[in-house]
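Okay, structure first, notes after.
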There are 2 protein chains.
Amino acid sequence: MNDHVSVDLLKAAGLRATKQRILLLRALIAEQHPFSVEDIRAHTKNALDTATIYRTLEIFKEKNLVRQVELAQGRALYEYAGNHHHHIVCTSCGTIRDLDICLPKTLHRSVREVSGFSRVNQHALEFFGVCNKCV
Amino acid sequence: MNDHVSVDLLKAAGLRATKQRILLLRALIAEQHPFSVEDIRAHTKNALDTATIYRTLEIFKEKNLVRQVELAQGRALYEYAGNHHHHIVCTSCGTIRDLDICLPKTLHRSVREVSGFSRVNQHALEFFGVCNKCV
DNA sequence: ATCCAGATGCGAATCAATTGCATCTGGATA
DNA sequence: TATCCAGATGCAATTGATTCGCATCTGGAT
């Protein structure tokens, strides 16, 4: 029932709305948090094949439906690309918390100037520290 | 001869100065750029075993001699932890350029406040764009 | 010169991610 | 609504990075 949101998002992105894509997108929207492929499989009760998940995530990334997050944990994490934000990771327990903080536009602009790159499209920003539960 | 620098750095870090560690550290200092394990092997003419490189890099990371860089290229990159800096990656050709840009301290401080974390020790910041050679 | 905790090399194992291929299906078309 | 096919999927096998077990070696303390 609640598939409408996912279906609409898929159609808007010019993608075929298959069962698998609807399920995956719904899981991503529901989780609202960086998510490994194994987490996704668990969340969807193994209804999705691993290869399908990887292939679909790749497509979703191209359409800016999901974002890939690298936290040096040996595997990639993915999250629904709602509003732009960043994360802080506890290096002790691995907890990930969202941050509503972003780079000042001035910094983004000076990167283009300093680097000599024609375009600067994205940035990845992750913080690492120790959460309050880990002292 | 030029091993002295590496040897001193290792001793200062409280590590045994083995042939392998001197060689690896020298390669990292010489390269001054994010480096994959395969790159390191090539640079050192396969004198180092892969397992040794991984194990040693892990130790170097703990001693803050090297930094691990995640650029979502399917493998980790490592670079000598000289002065703190960041990178911009061309999403077309993969070129990595160093940036002498960093976050304003105010942002770093507010992360601690917003997140509720006790400590904020590090951050990873990577930019992605298109370099001038790739149009 | 001796000694041994720690370091190394080798091969095997692990684990995330990718690929080939036969089969299936969403949705465009008649 | 029935037909059709490019694109999507599942499965199994593969790749490629990283890790591990274990026998051997070595830096540096004594």
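Here is how names work: the chains are called A, B, and so on, in the same order as the sequence lines, proteins then strands, and each is numbered from 1. Owing to the predicted nature of the structure, the values given are computational and were not obtained by experimental measurement.
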Exercise. So, does Ser36(B) use its side chain to make a donor-acceptor pair with the main chain of Leu77(B) at under 3.5 Å?
Worked result: no
Problem set entry | From CG (Leu57(B)) to CG (Leu25(B)), nearest 0.5 Å | 10.0 Å
Seminar exercise, completed: Within residues 11-18 of chain A, those residues having any heavy atom closer than 4.0 Å to DNA chain D are Arg16(A), Thr18(A)
For this session: Determine the contact category for Arg55(A): base if any of its heavy atoms lies under 4.0 Å from a base atom, sugar-phosphate if only primed atoms, P, OP1 or OP2 are that close, otherwise nothing.
Result: base
For this session: Please round to the nearest 0.5 Å and tell me the distance separating atom CZ of Phe35(A) and atom OH of Tyr80(A).
Result: 14.5 Å
For this session: Check DNA chain D against residues 58-68 of chain B and give the residues with a non-hydrogen atom under 4.0 Å, in numerical order.
Result: none
Exercise. CD of Gln73(A) versus P of dA17(C): gap in Å, rounded?
Worked result: 12 Å
Exercise. Any ion pair linking Lys61(A) and Glu58(A) (charged N to carboxylate O, less than 4.0 Å)?
Worked result: yes
For this session: Determine which pairs satisfy side chain to side chain donor-acceptor pair (under 3.5 Å) with at least one residue from residues 6-19 of chain A, sequence neighbours left out, and list them in order.
Result: none
For this session: Output yes when a side-chain donor or acceptor of His108(A) lies under 3.5 Å from a complementary backbone atom of His123(A), and no otherwise.
Result: no
For this session: Take Ile53(A) and Tyr78(B), find for each the nucleotide of DNA chain D with the closest heavy atom, and name the residue whose nucleotide sits nearer the 5' end.
Result: Ile53(A)
Exercise. Among residues 30-48 of chain A, which residues get a heavy atom nearer than 4.0 Å to DNA chain C?
Worked result: none
Exercise. For Tyr54(A) and dA17(C), is the shortest distance between a side-chain N/O and OP1 or OP2 below 4.0 Å?
Worked result: yes
Exercise. Out of curiosity, Leu65(B) CG to Thr56(B) OG1, how far, rounded to the nearest 0.5 Å?
Worked result: 11.0 Å
Exercise. What is the nucleic acid contact for Thr50(A), judged by heavy atoms within less than 4.0 Å: base, sugar-phosphate only, or nothing?
Worked result: nothing
Problem set entry | Side-chain donor or acceptor of Arg112(B) paired with backbone N/O of Phe117(B) under 3.5 Å | no
For this session: Answer whether the closest heavy-atom distance between the side chains of Asn121(A) and Val130(B) falls below 4.5 Å.
Result: yes
For this session: Working to the nearest 0.5 Å, report the span between OG1 of Thr91(B) and CD of Gln122(A).
Result: 7.5 Å
Exercise. Looking at CZ of Arg21(B) and CG of Asp3(B), how far apart are the two atoms once the value is rounded to the nearest 0.5 Å?
Worked result: 15.0 Å
Seminar exercise, completed: side-chain contact (heavy atoms from CB on, under 4.5 Å) with Glu79(A): of Val66(A), Ile29(A), Val69(A), only one passes, and it is Val69(A)
For this session: Enter the distance from Arg75(B):CZ to Asp39(B):CG here, rounded to the nearest 0.5 Å.
Result: 6.0 Å
Exercise. So, does His86(A) use its side chain to make a donor-acceptor pair with the main chain of Leu125(A) at under 3.5 Å?
Worked result: yes
For this session: Starting from the first five and the last five pairs of the helix from dA1(C)-dT30(D) to dA30(C)-dT1(D), work out the angle between the resulting helix axes, to 10 degrees.
Result: 30°
Problem set entry | Test item: Ile88(B) and Val120(A) side chains (from C-beta on) under 4.5 Å apart, heavy atoms | yes
Exercise. Nucleotide range of DNA chain D contacted by chain B, 5' to 3', under 4.0 Å to a heavy atom?
Worked result: dA17(D) to dG28(D)
